[in-house]
Student: 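Take this structure, written in structure tokens, and hold onto it; I'll ask about it next.
For reference, positions follow the sequence shown, starting with 1. The basis for the numbers below is simple: all heavy atoms, side chains too, and nothing from hydrogens, waters or symmetry mates. Bear in mind the structure is a predicted one, so any value in this text is a computation, not a measurement.
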Amino acid sequence: MKSAGEPSLEGLQILRGIAALLIVVYHASSFVALPGTYNVSLLGGLFSAGHLGVDIFFVLSGFIIA
């Protein structure tokens, strides 16, 4: 429960959710690119840097907890 003096961090929570979705799409695109499955790059490799979503997620989580 949020007390009256706590700041609202809704924007950071939304960014954290986007980072989590980026991680999911990154893993899905790497699965699709495996030679045994479909051997295609999802959206032309657009999500090849999706592993950075982990860093973003944990940095924002640490900030929110602090």
Side-chain angles (χ1 to χ4, degrees):
M1 188 96 188
K2 187 173 93 167
S3 65
E6 291 183 23
S8 175
L9 301 173
E10 292 175 11
L12 292 179
Q13 294 286 12
I14 291 170
L15 186 58
R16 208 168 67 132
I18 291 170
L21 287 175
L22 184 62
I23 296 165
V24 170
V25 172
Y26 169 73
H27 284 290
S29 66
S30 65
F31 174 74
V32 170
L34 291 175
T37 55
Y38 301 106
N39 201 19
V40 295
S41 181
L42 187 64
L43 295 176
L46 180 66
F47 297 104
S48 62
H51 57 87
L52 296 175
V54 175
D55 297 332
I56 295 169
F57 181 83
F58 282 118
V59 167
L60 290 176
S61 295
F63 179 78
I64 291 170
I65 289 172

Student: Do L15 and F57 share a hydrophobic cluster, counting only Ile, Leu, Val, Met, Phe, Trp and Tyr and linking them when any side-chain heavy atoms are less than 4.5 Å apart?
Tutor: no
Student: Check whether I18 and L21 end up in the same hydrophobic cluster, where Ile, Leu, Val, Met, Phe, Trp and Tyr are linked by side-chain heavy atoms less than 4.5 Å apart.
Tutor: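 The answer is no; the residues belong to distinct hydrophobic clusters.
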Student: Taking all non-hydrogen atoms of both residues, which atom of A19 and which atom of G53 are closest, and how far apart?
Tutor: CB-O, 3.6 Å
Student: Between R16 and L60, which heavy-atom pair has the shortest distance, and what is it?
Tutor: N-CD1, 3.9 Å
Student: Among the clusters formed by ILVMFWY side chains lying less than 4.5 Å apart, do F58 and I64 turn up in the same one?
Tutor: no
Student: Check whether L9 and I56 end up in the same hydrophobic cluster, where Ile, Leu, Val, Met, Phe, Trp and Tyr are linked by side-chain heavy atoms less than 4.5 Å apart.
Tutor: yes
